[in-house]
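Below you'll find the structure, written out as structure tokens, and then a few comments.
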Number of protein chains: 4
Amino acid sequence: MGAVPRKAIGAGEAVIAAAEPVAIRRRRTQAERRAEAESRMLSAAAEIVAEKGVDGLTLAEAGERAGYSRGLAGHYFRSKDELLAAMAEAIHDEFTQQRRERLRGTSGLARLVATIDASFARPAVGLTKMRAYIAVLMGAAHKPALAEAVATFNRDSATEFGRLIASAIEAGEIRPDIDARTQALILSAALRGIMAQWVLDPEGVDLAGIRAEFLGLVSRSLAATPIPT
Amino acid sequence: MGAVPRKAIGAGEAVIAAAEPVAIRRRRTQAERRAEAESRMLSAAAEIVAEKGVDGLTLAEAGERAGYSRGLAGHYFRSKDELLAAMAEAIHDEFTQQRRERLRGTSGLARLVATIDASFARPAVGLTKMRAYIAVLMGAAHKPALAEAVATFNRDSATEFGRLIASAIEAGEIRPDIDARTQALILSAALRGIMAQWVLDPEGVDLAGIRAEFLGLVSRSLAATPIPT
Amino acid sequence: MGAVPRKAIGAGEAVIAAAEPVAIRRRRTQAERRAEAESRMLSAAAEIVAEKGVDGLTLAEAGERAGYSRGLAGHYFRSKDELLAAMAEAIHDEFTQQRRERLRGTSGLARLVATIDASFARPAVGLTKMRAYIAVLMGAAHKPALAEAVATFNRDSATEFGRLIASAIEAGEIRPDIDARTQALILSAALRGIMAQWVLDPEGVDLAGIRAEFLGLVSRSLAATPIPT
Amino acid sequence: MGAVPRKAIGAGEAVIAAAEPVAIRRRRTQAERRAEAESRMLSAAAEIVAEKGVDGLTLAEAGERAGYSRGLAGHYFRSKDELLAAMAEAIHDEFTQQRRERLRGTSGLARLVATIDASFARPAVGLTKMRAYIAVLMGAAHKPALAEAVATFNRDSATEFGRLIASAIEAGEIRPDIDARTQALILSAALRGIMAQWVLDPEGVDLAGIRAEFLGLVSRSLAATPIPT
DNA sequence: AATGAATGAGACTTCATTCAT
DNA sequence: TATGAATGAAGTCTCATTCAT
């Protein structure tokens, strides 16, 4: 239970020490240590949120599970709300990063399909991160600290999807008689609904099967001409 | 598990009423008092959950907001978990009731459309109930007390949707090359996702527009022949 | 667990009804029912005290375990303290009754031995009653409601033992160079200590063996001439 | 189980102290603060138990009476049960310590007498501690948290007494026709019974007189040859 | 920088007690 | 008489937060 503390600092640092002034080296090291500690605590926080929900997160447990003291998370993030917001952003960044990699070099309808695929691929990152993400999305309803972050997520997602659809319409690959903005919201909401269902019951939900049906559904519904799945 | 037992009042009592009015009056009144208190506390609980999430619910506030003492909710529903479960069941019952009324006399694809329409009509019941419902669905991930109830909701919903689609396929109104079970899950998850999006931002989400677009999407995707929207 | 409710009133009462005026018959029956209910609740209270200590006793549980409603014990005994006091007295009365029977027809040293024997025989009444008795004795330290009752017990016990020893001294069966009052206290305290040890660990304490050793100890210590055990 | 872990402070620190006074000073002070708070709360707990019994003890009062906040006792001893167990152990340790000091350099029957004397001397520690000790012994019947500790006390006491008697028998100072184990239990139970009687009514029980009478009783009963009182 | 000591608030839960029926 | 509805007070336990070291 709990992560293994890795506070030991590798001996390799001494090598760099010669090249840089002592004061600098120290600040570097401190900053690095801080960055690592923060990152470990954000991961720990995500784990906890995945297990117990946003209200189940405590500063002390985040610190301990990351291998530090009960007080450190409070020391870095000052308050639970700030820890939550930071954690939400970290997860979202990770997801965004992944989607970008998948979209590289695509365009039009293929890009829309790749985007959907990116959603279905997310679980590969791990059930834990996904669970925490869903918890954050829903927590926005009650936690002002999350509301802002989630509003941003939604705006980004809507814009992205909307742009995708609009450009696919322009390319003549998607029927022009639909409302891009509304369709974007539907698609994004549907994907989130499916992911929520999956994290609730990973065994009972066959993501691969759903992905296929979902892509078929989208293609029949949106494509100006059928896509070969 | 489930709600606190309510002494069922047999219908036969009316007959005796003439002979022993006082005794009956007494029992009636006690039972009524209890039933009313219970129902008011369930409503209050839903309000609170809508505002603050499942973890924000407290027995004391449920009692007070219903107009009683801080202790009464704890007295009836022995624990917060039981209150939550009872509340979840009450909301689900209400929704089920509404859907049943809407479905009366329909069949085939029209029945599927009516079911979807029932989902979009739910908000009429009130943003509060819907918010509470969504909170309960998501809360199942962390609260064992809700997990059981929600598992039942999901089973029911899947069965219902699946049957609808299957029977519409038999009727030749839905294309036979889809997997009824998977489509049922997708539809139900999509509707939940849309509702979640709506409760998060009621102003920013145009439900009527979404409904139209969603029905179009479903018709194009599932119908053996186009539905006139 | 818990007693079986016996609220049914036997049919035989109708027979008596003819012989006595209605008002009388009712009061009789009521009084009897009340007496039975009280007695059943006192027994239930003793059970609960034996299991959970004097602070673990609750009016509601006493009522329910006796087969009545949660409210009845409060109705009869008005408060927890009164119930405790009544229970203490009931147990003491029972023990006193038993001792009296054992002492019938004895005198002198034999009477002292019989009294000691009565203590060792008490467990036959049941571990439960004994446990409750010990709990009451100790509870006197903190519960004013019990202090009075226990003070009486102690006075009675000291008087009784003291008289026994004094009369045995007069009869020349006990050495005259001891202080009767102090020896009485020692004997009574020792017996209680042994019983306390027994109720804490009935399996680990061999009462029969202790009885033999204890009688030997007393005889060697007190008797003017050795008693044949 | 048992007491909250206390950071042991190595004796070696004094050596380092010269080199790094500040760091040591800091750690010292933290540890000392904790140790003092803990010890004060254990004392406060004993006071409360003496006054109100084991069930009358509350974490909040233990904290407050020790001069800290209502929450601190709960912070250190995670639960009431653990506080009780720690308190029991602390008292027992204190008593054991005292007995050991009294027994130094004794052997045979004199050692047995010294042990009994230690019991009668305990009250010198204070009525409060003694009351708390008795309450703990009896509380073992209902509080699993105490049962374990008390079982240990009993085992220790029985072993100790048994060994004493056995060795006095070997030394020819105690008659060989008694059962050492049973006599040990009787003596220990009798002493506890006497102490219980005393804490219930310190005014009414003349410990000095009882001590004399009790030693006489033991000597006449056990000694191979009379002891000069 | 990092730890953890200490506070105080709040939630759950359990009851004694009072009251309505 | 008997039931049980309703209140309000504790008590346990868990945290966010602040502060000393």
Side-chain angles (χ1 to χ4, degrees), chain A residues 7 26 29-30 33-34 37 55-61 63 68-76 78-81 83, chain B residues 7 22-34 36-38 55-61 63-64 68-81 83, chain C residues 7 26 29-30 33-34 37 55-61 63 68-81 83, chain D residues 7 22-34 36-38 55-61 63 68-81 83:
Chain A
K7 290 177 166 183
R26 269 190 193 144
T29 303
Q30 293 275 38
R33 293 214 309 169
R34 167 145 197 157
D55 293 276
L57 174 65
T58 72
L59 289 168
E61 192 177 355
Y68 300 94
S69 71
R70 299 176 63 79
L72 195 60
H75 194 49
Y76 278 6
R78 301 204 53 83
S79 75
K80 182 175 162 177
D81 279 357
L83 170 56
Chain B
K7 292 219 158 160
V22 178
I24 291 301
R25 185 67 203 291
R26 276 177 189 156
R27 261 195 272 153
R28 257 283 156 78
T29 305
Q30 289 268 57
E32 277 172 6
R33 284 212 295 166
R34 167 143 200 158
E36 192 197 331
E38 218 172 288
D55 294 277
L57 173 65
T58 73
L59 290 168
E61 193 178 353
E64 278 186 328
Y68 299 92
S69 70
R70 298 175 63 77
L72 195 59
H75 195 47
Y76 279 11
F77 311 93
R78 298 183 48 86
S79 71
K80 181 175 164 177
D81 279 359
L83 170 55
Chain C
K7 289 182 170 180
R26 269 191 192 144
T29 304
Q30 294 276 38
R33 295 215 306 173
R34 166 144 196 155
D55 293 277
L57 174 64
T58 71
L59 289 168
E61 192 177 355
Y68 300 94
S69 71
R70 299 176 63 80
L72 197 59
H75 195 48
Y76 278 7
F77 299 98
R78 299 202 55 80
S79 76
K80 182 175 162 178
D81 279 356
L83 170 56
Chain D
K7 291 218 157 160
V22 178
I24 292 301
R25 185 70 201 289
R26 277 178 190 156
R27 262 195 271 153
R28 257 282 156 80
T29 305
Q30 288 269 58
E32 276 172 7
R33 283 212 295 166
R34 167 142 201 159
E36 192 198 331
E38 217 173 286
D55 294 277
L57 173 65
T58 72
L59 290 167
E61 193 177 354
Y68 299 91
S69 70
R70 300 176 61 76
L72 195 59
H75 195 48
Y76 278 11
F77 312 93
R78 297 183 50 84
S79 72
K80 181 176 164 177
D81 278 358
L83 170 55

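All heavy atoms count here, side chains included; hydrogens, waters and symmetry mates do not. Chain A is the first sequence line, chain B the second, and so forth, proteins listed ahead of strands; every chain is numbered from 1.
- Rounded to whole Å, the distance from CG on D/L57 to P on F/dG11 is 10 Å.
- For A/R33 and E/dA2, the shortest distance from a side-chain N or O to OP1 or OP2 is below 4.0 Å.
- Taking atom CG of residue B/D81 and atom C1' of nucleotide E/dT13, one finds them 13 Å apart after rounding to whole Å.
- Place B/D55 and D/A37 on DNA chain E by their nearest nucleotides, and D/A37 ends up nearer the 5' end.
- In this structure, CZ of A/R78 is placed 10 Å from P of F/dT17, rounded to the nearest angstrom.
- Of all heavy-atom pairs between D/A73 and D/G63, the closest is CB-N, 4.0 Å.
- Minimum interatomic distance between C/A37 and C/Y68 (heavy atoms only, all atoms of both residues): CA-OH, 3.6 Å.
- In this structure A/R78 satisfies the side chain to side chain donor-acceptor pair (under 3.5 Å) test with no other residue, sequence neighbours excluded.
- Where A/G74 and D/K80 each meet DNA chain F at their nearest nucleotide, the meeting point lying more 5' is that of D/K80.
- In this structure B/L83 satisfies the side-chain contact (heavy atoms from CB on, under 4.5 Å) test together with B/L42, B/A45, B/L57, B/L59, B/A62, B/F77, sequence neighbours excluded.
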Interface polar pairs with nucleotides 8-10 of chain F, N/O, under 3.5 angstrom:
none

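- What separates CZ of B/F77 from P of F/dA5 is a distance of 12 Å, to the nearest Å.
- Distance from the side chain of C/S79 is smallest for E/dT17 among the nucleotides E/dT17, F/dC13, E/dT14.
- Applying the salt bridge (charged side-chain N to carboxylate O under 4.0 Å, His left out) test to B/E64 and every residue at least two apart in sequence or in another chain returns B/R70.
- A straight line from CZ of A/R34 to P of E/dA2 spans 8 Å, rounded to a whole angstrom.
- Sequence order on DNA chain F of the closest nucleotides to B/Y68 and A/A60 puts B/Y68 first from the 5' end.
- Contact annotation for D/L83: no contact, since no heavy-atom pair falls under 4.0 Å across all strands.
- Nucleotide E/dA2 holds its P atom 16 Å from the CG atom of A/L59, rounded to whole Å.
- In this structure, the side-chain contact (heavy atoms from CB on, under 4.5 Å) partners of D/S69, at least two apart in sequence or on a different chain, are D/L72.
- Base pairing in DNA chain F gives the following stems of 3 or more Watson-Crick or G-U pairs, range against range and under 3.5 Å: E:2-21 with F:2-21.
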